[in-house]
Amino acid sequence: MVCRTPVKVKDPTSHLEMVIVPEKVYVLRNHRGKEIKIGLFVSPRTGKKFRALLPDAYQC
DNA sequence: CTAATTAT
DNA sequence: ATAATTAG
């Protein structure tokens, strides 16, 4: 799932709230059916990669 | 602890 | 191979 929709996430490295497009998005579903969405991001400031929770209603 | 993904 | 990510 490659996305273009910007999301507001907190960059853990710079501790800044930023609106960026996730590089990759995937869903975690445990054996009990609980789902969460994770985005893989690259911080434009540090170039560091990080993962963050996405809003449940996020679409690419 | 589990799930999926991928950078390290 | 392991960390990181969330929530219950």
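Throughout, protein chains are lettered first and strands after them, A, B, ... in sequence-line order, and every chain is numbered starting at 1.
The interatomic distance linking Lys37(A) (NZ) with dT5(B) (P) rounds to 14 Å, in whole Å. The interatomic distance linking Tyr26(A) (OH) with dT6(B) (C1') rounds to 7 Å, in whole Å. Atom CD1 in Ile38(A) sits roughly 9 Å away from atom P in dT5(C) (whole-Å rounding). Per the geometry, NZ belonging to Lys10(A) stands 17 Å off C1' belonging to dT6(C), to the nearest Å. Residue Phe41(A) contributes atom CZ, which lies 14 Å from atom P of dA7(B) at whole-angstrom precision. Separating the CG atom of Leu53(A) from the C1' atom of dA4(C) is a distance of 13 Å, rounded to the nearest angstrom. Residue Arg51(A) contributes atom CZ, which lies 6 Å from atom C1' of dA4(C) at whole-angstrom precision. Atom NZ in Lys48(A) sits roughly 12 Å away from atom P in dA4(C) (whole-Å rounding).
Among the nucleotides dT8(B), dT2(B), dA4(B), the one closest to the side chain of Leu28(A) is dA4(B).
Interatomic distance, CZ of Arg45(A) versus NE2 of His15(A), reported as 12.0 Å (0.5 Å rounding). One finds the CG atom of Leu16(A) at 8.0 Å from the NZ atom of Lys10(A) (value rounded to the nearest 0.5 Å).
Put simply, Lys34(A) has a side-chain N or O that comes within less than 4.0 Å of OP1 or OP2 on dG8(C).
When hydrophobic clusters are built by joining Ile, Leu, Val, Met, Phe, Trp and Tyr residues whose side-chain heavy atoms come closer than 4.5 Å, directly or via intermediates, Val21(A) is not grouped with Met18(A). Cluster annotation: Leu40(A) is not connected to Tyr58(A) through the hydrophobic network of ILVMFWY side chains, with a link wherever side-chain heavy atoms come within less than 4.5 Å.
Judged by distance alone with a 3.5 Å cut-off, no donor-acceptor contact links the side chain of Arg32(A) to the base of dT2(B).
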